[in-house]
Amino acid sequence: LELEYKFEQAAAAKGFFAGKSLEIGAVQRRGKQGWRFCGYVPAEQADGWITQVDLVFEREVIHMTQEQINRINELAQ
């Protein structure tokens, strides 16, 4: 199983997400693209508070042979 990761920065205010609708939108948008929300990592801080976080998304990398790709394309027509 091979996974790939994407990171998306989001604002935080005193340890909590500042723009909750933005983060919900990011999770929904990435979910439709096949990404799974894993969590977040503090990215920036000021005066002891986290001001930015990186939202972490992952998805499985699927490797196919050219023969498999050709068959899928054939069936899709």
Side-chain angles (χ1 to χ4, degrees):
L1 175 69
E2 183 180 343
L3 299 172
E4 65 178 322
Y5 294 89
K6 286 251 187 206
F7 301 90
E8 188 166 323
Q9 204 163 75
K14 296 189 178 184
F16 294 94
F17 296 123
K20 291 188 187 332
S21 62
L22 172 66
E23 286 73 45
I24 291 170
V27 171
Q28 291 173 337
R29 184 180 73 257
R30 294 280 185 192
K32 289 178 183 175
Q33 298 169 351
W35 294 92
R36 183 173 41 243
F37 176 69
C38 298
Y40 63 94
V41 178
E44 295 178 20
Q45 64 179 5
D47 299 322
W49 296 102
I50 296 170
T51 58
Q52 294 283 322
V53 295
D54 284 337
L55 304 177
V56 183
F57 299 89
E58 70 179 5
R59 71 177 172 188
E60 187 175 345
V61 177
I62 300 172
H63 297 282
M64 291 191 287
T65 66
Q66 187 60 49
E67 183 178 318
Q68 290 170 318
I69 294 169
N70 293 342
R71 181 66 179 142
I72 290 169
N73 289 332
E74 181 182 303
L75 292 171
Q77 293 181 12

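None of the values given here were measured: they were computed from a predicted structure.
- No hydrogens or angles considered: a donor-acceptor pair under 3.5 Å links the side chains of Q66 and N70.
- What you find for Q52 and A11 is that their closest heavy atoms are NE2-CA, 3.8 Å.
- Note that the CD1 atom of I50 and the CD atom of E44 stand 11.5 Å from one another [nearest 0.5 Å].
- Under the 4.5 Å side-chain contact rule for hydrophobic residues, L55 and Y5 do not share a cluster.
- Taking CG from D54 and OH from Y40, the interatomic distance works out to 12.5 Å, rounded to the nearest 0.5 Å.
- Interatomic distance, K6 NZ to Q33 CD, rounded to the nearest 0.5 Å: 8.0 Å.
- Here the shortest heavy-atom pairing between A43 and Q9 reads CB-NE2, 3.9 Å.
- Counting non-hydrogen atoms of other residues, nucleotides and ligands closer than 6.0 Å to CD of E2 gives a total above 12.
- A continuous path of Ile, Leu, Val, Met, Phe, Trp and Tyr side chains, each step under 4.5 Å between heavy atoms, connects V53 with F37, placing both in one hydrophobic cluster.
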Report task. Apply the test side chain to side chain contact (heavy atoms under 4.5 Å, CB included) to residues W35 and V27: give CA-CA distance (whole Å), side-chain angles for both, the deciding distance (0.1 Å), then the verdict. Result -> CA-CA 8 Å; W35 294 92; V27 171; over 6 Å; no
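- Between M64 and Q68, the shortest heavy-atom contact is CA-OE1, 3.1 Å.
- With contacts defined as side-chain heavy-atom distances shorter than 4.5 Å, the pair L3/E60 qualifies.
- We find the CZ-CZ distance between R30 and R36 to be 14.5 Å, quoted to the nearest 0.5 Å.
- Residues V61 and H63 form a side-chain contact, since some pair of their non-hydrogen atoms from C-beta on lies under 4.5 Å apart.
- Put simply, I72 and I69 are part of the same group of oily side chains (I, L, V, M, F, W, Y) that touch within less than 4.5 Å, one to the next.
- Shortest non-hydrogen contact noted between A26 and E8 is CB-OE2, 3.3 Å.
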